[in-house]
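Take a look at the structure below.
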Amino acid sequence: MLQQRSEWRDKEYRDLYMEEAVDQGIAWQIRINRERRGLSQKRLAETLGTQQSAVSRLEDPDYGAHSLDTLKELARAFDCALLLKLVPYSVLASEREHLSPDDLYAPPFTAEVPEQT
């Protein structure tokens with residue numbers, strides 16, 4: 001895929017694409033995971049010990065200032081894992097095929113491993 005698209009050869013393009021993918025991707029994931037759990041922004045804010053406006057900022061694709069600590073808090077609140085890793089650009093480019101709400105939803109642990117009775 002990368003070899004077929006000349007824009008990927010431009011370092012500035014790659015850097016910008018990566019930054020936008022991270023900023024937009026995490027914002028969309030937060031919103032989708034909040035909504036699929038039936039949480040309002042206000043309720044998630046209460047869980048995180050913050051204000052509704054802070055959750056609104058986290059869900060804004062233009063915000064771009066998500067701290068690692070905040071992302072870990074969100075993962076705990078959603079009862080899912082947080083995975084951060086450095087990857088080749090080919091992996092980043094292939095991710096554009098997996099941006100549906102279903103792809104961005106991380107079920108809680110209890111959905112993966114139901115309690116035994």
Side-chain angles (χ1 to χ4, degrees):
M1 176 175 190
L2 295 179
Q3 295 172 345
Q4 299 160 345
R5 307 212 31 210
S6 62
E7 64 268 19
W8 285 99
R9 295 186 186 280
D10 180 343
K11 171 92 167 99
E12 187 175 332
Y13 173 86
R14 291 192 309 270
D15 290 345
L16 183 60
Y17 187 95
M18 181 267 303
E19 289 175 26
E20 290 295 318
V22 170
D23 293 345
Q24 291 179 3
I26 198 63
W28 293 338
Q29 287 179 60
I30 294 166
R31 181 180 50 81
I32 287 165
N33 280 277
R34 177 186 57 78
E35 289 175 348
R36 293 240 176 138
R37 284 165 172 79
L39 298 171
S40 66
Q41 287 184 343
K42 181 179 179 182
R43 181 67 187 113
L44 179 57
E46 290 168 358
T47 301
L48 297 171
T50 190
Q51 301 294 314
Q52 177 273 328
S53 59
V55 173
S56 179
R57 276 191 306 276
L58 292 171
E59 294 182 359
D60 181 350
D62 295 324
Y63 176 58
H66 303 90
S67 75
L68 185 53
D69 286 339
T70 299
L71 295 176
K72 289 189 275 188
E73 287 177 27
L74 282 161
R76 283 191 292 273
F78 291 147
D79 195 20
C80 66
L82 174 66
L83 177 66
L84 301 171
K85 61 182 182 178
L86 300 172
V87 298
Y89 277 101
S90 58
V91 171
L92 179 62
S94 70
E95 282 295 306
R96 65 191 307 173
E97 303 299 322
H98 305 284
L99 297 176
S100 74
D102 287 340
D103 291 326
L104 299 178
Y105 175 64
F109 179 80
T110 54
E112 296 183 295
V113 182
E115 288 187 37
Q116 294 183 357
T117 57

Original post:
Can you list the other members of the hydrophobic cluster that holds F109, where links are side-chain heavy atoms under 4.5 angstrom apart?
Top reply: V113
Subject >> Neighbour count >12 (heavy atoms, 6.0 Å) for atom CD, E7 >> reply: yes
Original post:
Say you draw a straight line from CD of Q41 to CZ of R31; how long is it, rounded to the nearest 0.5 Å?
Top reply: 10.0 Å
Original post:
With a cutoff of under 4.5 Å between side-chain heavy atoms, which Ile, Leu, Val, Met, Phe, Trp and Tyr residues group with L71?
Top reply: I26, I30, L39, L44, L48, V55, L58, Y63, L68, L74, F78, L82, L84
**OP:** Using a strict cut-off of less than 4.0 Å between a Lys/Arg side-chain nitrogen and an Asp/Glu carboxylate oxygen, indicate whether R57 and D60 qualify as a salt bridge.
**Re:** no
**OP:** Can you see which heavy atom on S67 is nearest to which on T70, and at what distance?
**Re:** OG-OG1, 2.8 Å
**OP:** Report whether Y13 and Y89 are members of the same hydrophobic cluster (ILVMFWY, side-chain heavy atoms less than 4.5 Å apart, transitive linking).
**Re:** yes
Original post:
Below 4.5 Å, heavy atoms only, C-beta onward: do R36 and P101 meet side chain to side chain?
Top reply: yes
Original post:
Can R14 and D10 be counted as an ion pair, charged N to O under 4.0 angstrom?
Top reply: no
**OP:** Please check if atom CD in Q51 has more than 12 non-hydrogen atoms from other residues, nucleotides or ligands closer than 6.0 Å.
**Re:** no
Original post:
Is the side chain of T50 donor-acceptor paired with the backbone N or O of E46 at a distance under 3.5 Å, no angle test?
Top reply: no
Original post:
So, for C80 and P107, which heavy atoms are closest and what is the spacing to 0.1 Å?
Top reply: CB-O, 3.9 Å
Original post:
What are the two closest non-hydrogen atoms of E59 and P61, and how far apart are they?
Top reply: O-CD, 3.3 Å
Original post:
Looking only at atom types and distance, does a side-chain atom of N33 sit under 3.5 Å from a main-chain N or O of L104, one as donor and one as acceptor?
Top reply: yes
Original post:
Would you say the side chain of S56 lies within less than 4.5 Å of the side chain of K42, judging by non-hydrogen atoms?
Top reply: no
**OP:** Please step through side-chain contact (heavy atoms from CB on, under 4.5 Å) for the pair R37 and Y105, ending with a clear verdict.
**Re:** CA-CA 10 Å; R37 284 165 172 79; Y105 175 64; 3.4 Å; yes
Subject >> Atom pair CD/CD of Q24 and Q29 - distance to nearest 0.5 Å >> reply: 12.0 Å
Original post:
To the nearest 0.5 Å, how far apart are CH2 in W8 and CG in L92?
Top reply: 5.0 Å
